[in-house]
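Worksheet: the structure to be examined is printed underneath.
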Amino acid sequence: MTPIVARYARSKGRAPSTPWTGALTPLACGVLACGVPACSGPEVAPPADPPVDTPVEVAPDPAETDLPVDPGPTLPTYTPLDPLRLLVRASLDLRGVRPSLDEIAQVEADPAALDGLIERFLYNPRFGRRVREVFDEVFLMRDEEPFVSLAELPTSWSEPAIWEAIGEEPTRMLERIANEDLPYTSFVTGDWTMVNEVTGSIFPTDYPSGATGWRVAHYTDHRPAAGVLVSSGLWWQHGSMLNNLNRGRANQLSRTLMCFDYLESEIDFTGVSALDSEEAMGNAIRTNPDCAACHDSLDPLASLLYGFWYPSTAKHDYMDIRGYHPERERLWVDLGGLPPAFHGQPAQNLAELGQKIAEDPGFARCFVQRSWEGLLRRKLTPAEAPLVATTLATFQSSGLHIRDAWRAIVRSDAFRSGAGDLAPKVVTPAILASSVEDLTGFHWTEEGWDLIRAPIEGYAALAGGIDGISRSTGIIEPTPTLVIVQRQLAAMAASWGAERDLRRPQDARLLTRVDGTETLPEDDALLRAQLVELHLRIAADRVAPDAPRLDDELALWSDLMASSGDPVVAWTGVLTVLLRDPNIITY
Amino acid sequence: MWARSSQLWGCALLLGACVEPEAPPAEPPAVEDSAPVEPAETDLPELPPELPPISSEITQAIGAAVRATLTSAALVERAPLQALLDYIRTQRRTRCSELAEEADGVMVYEVDCHDDDIDMAGELRWRDTAVTALDEPSAQWARAWLPQICPDVDLTLPLDPPAPALLLLGHYTEVDPDSVPIHLRGAFSDVQPTWPGCRAARTAADGYADQEGASPGSWTGSELEVQRLEVGRARAGEAALFTLEGTLGGVNGPFRTVDVTDGGWLAGGAGCGLEPRGAWGLRTDDGAWYDVTFDEVCDGCGVARAPGHADTPACIDALDAAAISALVQAAVP
């Protein structure tokens, strides 16, 4: 009798029936996993119904079926965005910043230059950051308070710095994968992680002492090589209560990596009295077909996560949560779990789970789907299902390089749509923050918190950010709260930018033609030239020097100069107006 | 090989309904005709691939693993924890903490003290007393194991004399520049009954006890992580019994994590002296588990199993067995 089977049998009050090598399959099929009147085989099939949040169905590969090929839905007709708007969209989505004046000039001179610029954007150092930011809204890592207590961590770093470092570990891994053209499978199979000086002082890794910045590092506590699946940041952020038995964590993996969210499955509780007691609940999830339909596949995944199991008394205990616990890997036996598996295939540790996830076609498909949703900032419609299939084909043929998948998306007509319900898009808090910072140098923080991106201490939810708590989906049109955030940001960024540009003209970002000594009417032409340039740079609007709106802006500038005598005040007023442009929050 | 493999595949591929195979399928019938017959592709099920045995590197390390596991488990005992508890309640309670007594003699020590010099946090509950009857887990252990070494003990009688017992639960962290950092968390219980001609001890622990600077040869100085561990000791004359149940991490041997069910070793006396008891799960640092089940034949051998491998015989050699017996004799006072 092997330990695992013997202990499992003991916990269940029945004798194991087969030795280890054969145990999992017969047990899973005959006793443990089916839980339904008819046993359909050893594999625990994923729920047959498509997930609620997954409207996209990829047509089956014709080579794998004898069924007639379904031509599938017909894609909608997209109205192309004009080249300058498309330049802005591509620049914001691939770099998080607005196009430079030179890039705008190139496209205005020759719209065909756009494709070359997009290709450059794909290789911009900010590209990986944009991948990270899109998937921050999938993993919901930055946006929730960590499960563990930060108070007892042996570090003097501030709370915002710790939050950020812990919360970004998984998506920093994606950023590296994107920037270095590593195969996406390394996200779940790699033996490395990403750590900065904060987590370098907390996590058990080989991060060099005294180093700074995000670096590749390796855990030194013998945890399996399984990429994000063994990220301390991930499991510090997503804990598990004692009676949840890692199921929430398992669903986190399923939702983020496989695009199947168990919590969005429809469950018929009619006639189920499982809520009467803990024991009744435990019985129901094994014996009630409606319950078992999910738990038969969810619970085996949960059983793989016990190396990160923290006793309820220990989640505030750094000594306990610091490292991986191989001695807890088999705790599922004592706690009534199901044998570890992924989609019915036994897996004895997280490294095997990572391999199985990497081999599952749904893994790459989910990445493509999430990328589409992140870049369009909306769900795909049923008619757009072929978009995922064609991008997936490109992704797979490239060796699962993120850059190639995103290139395919950005080159698509759907991405370039410029009219109707499918456009324009609304900025994410991340894009709003980075684009305004690039324009003005202003980063809105308070006591270390990034006020645009932090949901609790800041205004991310007001700005349309997804935190999984107050907002679970992105906004598809500007909201009053987003405009309020934009207005406040515009005023503060304008003040910062005007002062910065006029005090340090050698580093000027926006006010590149003036130096604060200008007067009217003497410098009318110069001021108009500056305003034309500002419109282009801030909103990608080509405005004629004699346009009436410039008259209004000059009048504002003149009034402020007259009342304050301070060019910083005058330009702050003008920049505030420009940074309130609707094109700042839609693109 | 075929028999075991067919069990694995029987449910998965061969059977329409999910039934557990009762016996290996019969060998294909012999062909009477001497002429070779090409079977139709659909007539015979596809044979599963032959599984490789577990490497000799693994099987030959099993004796060392058992020895290292017992060495580590022997560290999990009352004395170092008792010393830590005594230190905390006598030296630290006056600083900034509260001590109260609850029903049944349970003491509660609440700690929350953070200043420039000292940082203490946690809550400890303990009962340090003598009992005249075993608690149920200890009684279960005694009923299961003691008859093998102390057959004349009547477990239904009250303990005479009463047995010293310690129960400890909670967590305690202390960082004090004037002292060594202490870190306790989890649950611990220890009962040490004696009967005429026989004495025993059963220790249960879950968590860790760490005192910076303590000897690596002690529990508080080692890197041991114990998970639902139960250690039993019993002695009757020359015979010494050491039992083990639960999981140990940080074992200083070829497998750092070991999971044991019904494990034990009987040294001296009329026992086998060579055969370990129980089932041992051994984890490699890359996360693979090997399960070794020892049979009841007195040969030091069992069967090692791992996914993707054929069942493979594994034995503890005589040198390891002798070392383990000596270890058990030393670990059971």
Side-chain angles (χ1 to χ4, degrees), chain A residues 1-8 10 17-31 34 38-43 151-152 154 222-226 230 306-307 309 311 313-314 316-320 323-331 333-334 344 346-352, chain B residues 4-13 17-21 51 119 121-123 170-171 173 175 183 185-186 206-208 210 225-228 245-250 256-263 278-281 283 285-289 291-293 303 305-311:
Chain A
M1 187 181 295
T2 60
I4 201 76
V5 176
R7 286 171 59 197
Y8 186 82
R10 181 181 302 167
S17 54
T18 57
W20 169 250
T21 48
L24 281 171
T25 301
L27 279 174
C29 183
V31 180
C34 294
C39 185
S40 55
E43 286 213 357
E152 294 182 20
H222 304 293
R223 66 186 63 191
V230 295
Y306 278 98
W309 179 259
T313 58
H316 302 288
D317 185 345
Y318 172 70
M319 288 288 287
D320 194 275
Y324 181 77
H325 290 275
E327 78 280 1
R328 296 177 188 166
E329 284 181 352
R330 290 182 162 186
L331 199 52
V333 178
D334 297 321
Q348 68 165 337
N349 55 44
L350 286 169
E352 284 190 17
Chain B
R4 191 166 306 284
S5 297
S6 67
Q7 280 190 329
L8 174 64
W9 288 81
C11 184
L13 295 178
C18 181
V19 294
E20 205 163 275
L51 295 174
D119 194 344
E123 178 186 284
H171 60 108
T173 300
V175 180
H183 215 80
R185 193 195 57 72
D206 186 276
Y208 53 80
D210 180 71
E225 301 258 11
V226 299
Q227 183 70 40
R228 300 188 175 205
E245 174 94 24
T247 314
L248 278 154
R256 291 176 51 82
T257 302
V258 181
D259 177 49
V260 186
T261 302
D262 292 334
W280 299 62
R283 184 188 185 276
D285 275 349
D286 61 5
W289 283 91
D291 290 298
V292 184
T293 306
V303 176
R305 299 187 174 97
H309 293 275
D311 290 2

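Numbered from 1 within each chain, the chains take letters A, B, ... in sequence-line order. What you are looking at is a predicted structure, and each value in this text was computed from that prediction instead of being measured.
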| query | Got a second to check how far B:T257's OG1 is from A:H325's NE2, nearest 0.5 Å? | reply |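 It comes to 11.0 Å.
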| So which of A:A225, A:P326, A:P224 has the biggest tally of heavy-atom pairs under 4.5 Å with chain B? |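 Option with the greatest count: A:P326.
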| SB check B:D291 A:R330 (cutoff 4.0 Å) |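 Between A:R330 and B:D291 there is a salt bridge, with a charged N closer than 4.0 Å to a carboxylate O.
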| request: Pick one of side chain, backbone, both or neither for B:D285, based on which atoms fall under 4.5 Å of a heavy atom in chain A. | output: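 For B:D285, the contact with chain A is made by backbone and side chain together.
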| request: Against chain A, label B:D210 side chain, backbone, both or neither, depending on which of its atoms sit under 4.5 Å from a heavy atom there. | output: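 Answer is side chain: those atoms of B:D210 sit under 4.5 Å from chain A.
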Between [X] and [Y], is any pair of side-chain heavy atoms under 4.5 Å apart?
{"X": "A:E327", "Y": "B:L248", "value": "no"}
{"X": "B:R185", "Y": "A:D320", "value": "yes"}
{"X": "A:N349", "Y": "B:R283", "value": "no"}
{"X": "B:Q227", "Y": "A:L331", "value": "yes"}

| request: Could you tell me whether a side-chain N or O of A:Q348 sits under 3.5 Å from a main-chain N or O of B:W289, the two making a donor and an acceptor? | output: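 It does hold such a pair.
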| query | By a 4.5 Å heavy-atom criterion (distance strictly below it), what part of A:E329 contacts chain B: side chain, backbone, both, or neither? | reply |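 Side chain of A:E329 only, per the 4.5 Å heavy-atom cut-off to chain B.
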